[in-house]
Amino acid sequence: MSQKTVLYDKHVEYGGKMVDFAGWQMPVNYGSQMDEHHQVRQDAGMFDVSHMTIVDLKGERVTDFLRYLLANDVAKLKEEGKALYSCMLKEDGGVIDDLIVYYMNDNWYRMVVNAGTHDKDMAWINKQAPAFDVDVNERANVAMIAVQGPKAIEKAIAVLPLDEVEAVAEMKRFFGVDCGEWFIGRTGYTGEDGFEIMLPESEAPALWDKLAHAGVKPCGLGARDTLRLEAGMNLYGADMTEETSPLISGLGWTIAWEPEDRDFIGRAAIQRGRDQGVSQKIVGLILEERGVLRGHQKVVVENVGEGEITSGTFSPTLKQSIALARVPVATADVCQVEIRGKLLNARVVKPVFVRDGQAV
Amino acid sequence: MSDVPSELRYTASHEWIRDEGDGTVTIGITDHAQELLGDLVFVELPEVGADLTAGDACCVVESVKAASDVYAPLTGEVLEVNEMLAESPEIINDSAFDDGWLFKMQLSAEVELEELMDADEYEKEIED
């Protein structure tokens with residue numbers, strides 16, 4: 001049985017086309033995915049991301065625990081509320097999940113992980129935590145709304161019923177502010193500025209209405225995917241999985257190799273990959289011809305070898321098809337993609353296409 | 001609620017067929033189909049002159065979300081394709097039964113027309 005978020009009735013009320021996503025009934029769009037995409041690039045849109053998992057980790061040794069659990073290093077987080085993006089790896093270096101962790105204080109971190117990986121993430125974290133005496137508390141009855149776009153902050157600030165609204169307004173990018181029952185992060189998954197607002201479920205439908213009234217339009221999972229892909233952000237399960245090392249998934253930048261004596265799960269395996277050199281990497285592709293790039297299409301780099309698209313779509317901002325692809329490290333400036341038996345020309349670019357509303 | 005014009009014929013795979021009364025038909029995808037697909041961004045049409053057999057996958061329509069085959073509902077030769085769709089596939093979203101037509105066919109066996117669904121049958125089909 002599919003689960004419903006507390007905003008389910010709002011989605012239906014606002015015309016959301018509901019689909020099953022990772023066991024949740026979620027809106028794929030509210031009419032036009034394309035319009036919702038442009039709304040976020042040009043103004044402000046909101047997404048229900050209540051299906052994601054929020055976990056509070058507490059204990060005197062919680063920093064040591066996370067320095068062992070995660071490939072990025074939470075010791076970099078010195079300021080209260082600062083966020084860090086990291087992979088959680090298996091011993092063999094495969095990616096269990098990607099996540100955001102907020103430093104609340106020396107004894108408390110807040111982590112947000114994917115919905116589709118909930119069960120295995122929680123099992124993994126709960127397996128590792130006892131050795132560090134860390135208390136793992138999955139937050140229940142909490143909703144999460146992402147408000148994204150160049151006007152998202154201004155519009156959200158105007159309707160947030162919080163005493164801490166000044167602190168929220170002054171918050172820097174990639175920080176979060178604890179507001180008691182609420183928590184506001186200046187984070188997102190669209191390549192635009194904005195907030196991710198965690199709040200009690202009971203208050204979420206009213207906030208949804210207030211935001212909509214302020215001109216923040218509801219957007220579905222469809223637009224969320226085209227926005228993240230334009231921004232060159234990885235999707236778990238497509239661009240990286242338990243079978244792929246972060247080194248061949250465009251995630252090398254998230255691994256904290258220093259200090260060398262920090263032992264984290266998966267380190268030995270990916271260290272070998274780093275020392276020996278990996279044979280593949282993630283690049284961006286822009287299709288030069290008509291058509292749409294999709295996951296699993298074959299990529300041919302002449303005289304170099306073959307690769308595969310990990311995520312592809314039509315970019316509403318560029319009005320061309322774009323993709324992330326795993327190709328041989330040598331690669332080239334151009335390649336061909338096989339679509340229904342035909343080889344079409346594509347340009348090989350850095351895996352980021354749009355940032356803050358502008359083509360890169 | 002999708003529009004289902006009564007003068008057209010339909011298939012279970014969501015093509016519509018307009019009998020032009022002279023042994024030719026015009027073919028497109030239904031309003032219901034475009035709604036399911038969402039914003040269309042690419043259409044691959046058959047070659048003019050191609051001989052199609054009923055049931056052949058002969059076109060591809062792609063939305064931001066997904067690619068979907070279009071099947072030849074009848075047997076015959078492709079007479080004309082809607083060139084406008086190369087530049088502006090979104091015409092199908094705006095006007096699935098009219099400006100968004102895909103291609104025209106000369107039929108080999110007009111009798112095949114009788115096997116297609118009428119509007120009532122198609123309406124029942126998409127209710128399920």
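Nothing here was measured: the structure is a model prediction, and the numbers come from that model. Numbers restart at 1 for each chain; the letters A, B, ... are given by sequence-line order, proteins then strands.
Only the side chain of A:K17 comes within contact range of chain B, judged by heavy atoms closer than 4.5 Å. Neither the backbone nor the side chain of B:E90 comes within contact range of chain A, judged by heavy atoms closer than 4.5 Å. Within the 4.5 angstrom heavy-atom criterion, only side-chain atoms of B:V60, from C-beta onward, approach chain A.
Within a 6.0 Å sphere centred on CG of A:D333, heavy atoms belonging to other residues, nucleotides or ligands number 12 at most. Heavy atoms from other residues, nucleotides or ligands lying under 6.0 Å from NZ of A:K155 number more than 12. More than 12 heavy-atom neighbours from other residues, nucleotides or ligands sit within 6.0 angstrom of CD on B:E7.
A search for ring pair (Phe, Tyr, Trp, His ring centres under 6.0 Å) contacts involving B:H32 returns B:H14, not counting sequence neighbours. Applying the side chain to side chain contact (heavy atoms under 4.5 Å, CB included) test to A:P316 and every residue at least two apart in sequence or in another chain returns A:M34, A:H37, A:H38, A:T226, A:E230.
To the nearest 0.5 Å, atoms CZ (B:F42) and CD1 (A:I339) are separated by 7.5 Å.
Within residues 101-108 of chain B, no residue has any heavy atom less than 4.5 Å from a heavy atom of chain A.
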Distance-only donor-acceptor pairs under 3.5 Å for side chains of residues 63-71 of chain B, two or more places apart:
unit_1 : atom_1 : unit_2 : atom_2 : d
B:S63  : OG     : B:L37  : O      : 2.8
B:S63  : OG     : B:K65  : N      : 3.1
B:S63  : OG     : B:A66  : N      : 3.1
B:S63  : OG     : B:A66  : O      : 3.4
B:K65  : NZ     : B:L36  : O      : 2.9

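In terms of non-hydrogen atom pairs under 4.5 Å with chain B, the most contact-rich of A:V292, A:V28, A:N29 is A:V292. The greatest number of non-hydrogen atom pairs below 4.5 Å with chain B, out of A:S315, A:S32, A:G222, is found for A:S32.
Using a cutoff of 4.0 Å between basic side-chain nitrogens and carboxylate oxygens, A:R340 and B:E44 are scored as salt-bridged. The pair B:E62-A:R294 counts as a salt bridge, with a side-chain nitrogen and a carboxylate oxygen less than 4.0 angstrom apart.
Looking only at distances, a side-chain donor or acceptor of A:R290 sits under 3.5 Å from a matching main-chain atom of B:A86.
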